[in-house]
Amino acid sequence: MVAMAKLLLVLAVAILTISMVESKLKETNNAEEQHQLERVNGQGGQKNGQGSLQSSQCPEQCLRRCSQTRYKKPCLFFCLKCCRACLCVPSGYYGNKGECPCYNNWKTKRGGPRCP
């Protein structure tokens, strides 16, 4: 009986530790993403209005942007994220990222493009 109680206690501590580590990792990832967005926007993470879109227009523009890709779900996910941050989606289905500097300059941790 004592062994069972010790086992349950160890299990509870392990689960608590794992959840705390996961929470810290999420906080770190969110902080890194916010820092990168601040660097791209140049205004402490605030939307600098470089794009002329309103946030409500992002779904329509991203549907257009991602309409010819095979990978619609990831394209739409990242396009919406970028559009809401930059208020801009480049014209066409591919390329033309120079039209939206924020959209173009937002990179992944590895330095690749974050926005489709």
Side-chain angles (χ1 to χ4, degrees):
M1 193 58 116
V2 174
M4 181 75 96
K6 286 182 180 180
L7 179 62
L8 287 174
L9 181 62
V10 168
L11 208 61
V13 169
I15 290 171
L16 183 61
T17 303
I18 289 171
S19 67
M20 287 173 41
V21 168
E22 284 180 345
S23 176
K24 283 291 184 189
L25 284 174
K26 285 179 184 176
E27 287 176 18
T28 302
N29 286 341
N30 288 340
E32 287 175 6
E33 191 171 286
Q34 183 64 27
H35 177 69
Q36 186 175 24
L37 186 56
E38 289 172 7
R39 199 169 31 87
V40 168
N41 280 341
Q43 288 192 353
Q46 297 173 352
K47 295 173 184 162
N48 62 7
Q50 75 181 23
S52 59
L53 293 179
Q54 294 179 1
S55 188
S56 62
Q57 296 173 301
C58 289
E60 178 184 341
Q61 292 300 313
C62 287
L63 280 172
R64 174 194 51 78
R65 179 79 174 172
C66 297
S67 66
Q68 294 191 358
T69 182
R70 291 184 191 178
Y71 309 103
K72 288 201 185 338
K73 279 188 177 184
C75 181
L76 286 171
F77 175 81
F78 288 107
C79 181
L80 286 169
K81 188 173 193 170
C82 294
C83 180
R84 289 191 177 117
C86 301
L87 299 176
C88 184
V89 176
S91 63
Y93 307 109
Y94 183 81
N96 304 320
K97 291 184 181 181
E99 298 173 1
C100 302
C102 170
Y103 194 97
N104 187 40
N105 297 332
W106 199 5
K107 304 293 183 194
T108 63
K109 290 178 189 177
R110 295 181 181 176
R114 182 175 296 268
C115 305

Ignoring hydrogens and angles, write down the donor-acceptor pairs under 3.5 Å from the side chains of residues 94-102, residues two or more places apart or on other chains.
residue	atom	partner	partner atom	Å
N96	ND2	S91	O	2.8
K97	NZ	C115	O	2.7
E99	OE1	S91	N	2.9
E99	OE1	S91	OG	3.1
E99	OE2	S91	OG	2.8

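- Remark: L76 engages C62, L63, C66 in a side chain to side chain contact (heavy atoms under 4.5 Å, CB included) (not counting sequence neighbours).
- Pairs passing the side chain to side chain donor-acceptor pair (under 3.5 Å) check and including a residue from residues 56-70, sequence neighbours excluded, read Q61-R64.
- Members clustered with F77: F78, by chain and number, using a 4.5 Å side-chain heavy-atom cutoff among hydrophobic residues.
- Under the side chain to side chain contact (heavy atoms under 4.5 Å, CB included) criterion, P59 pairs with L80, R84, not counting sequence neighbours.
- Looking at heavy atoms from C-beta onward, Y103 lies in side-chain contact with P116 at the 4.5 angstrom threshold.
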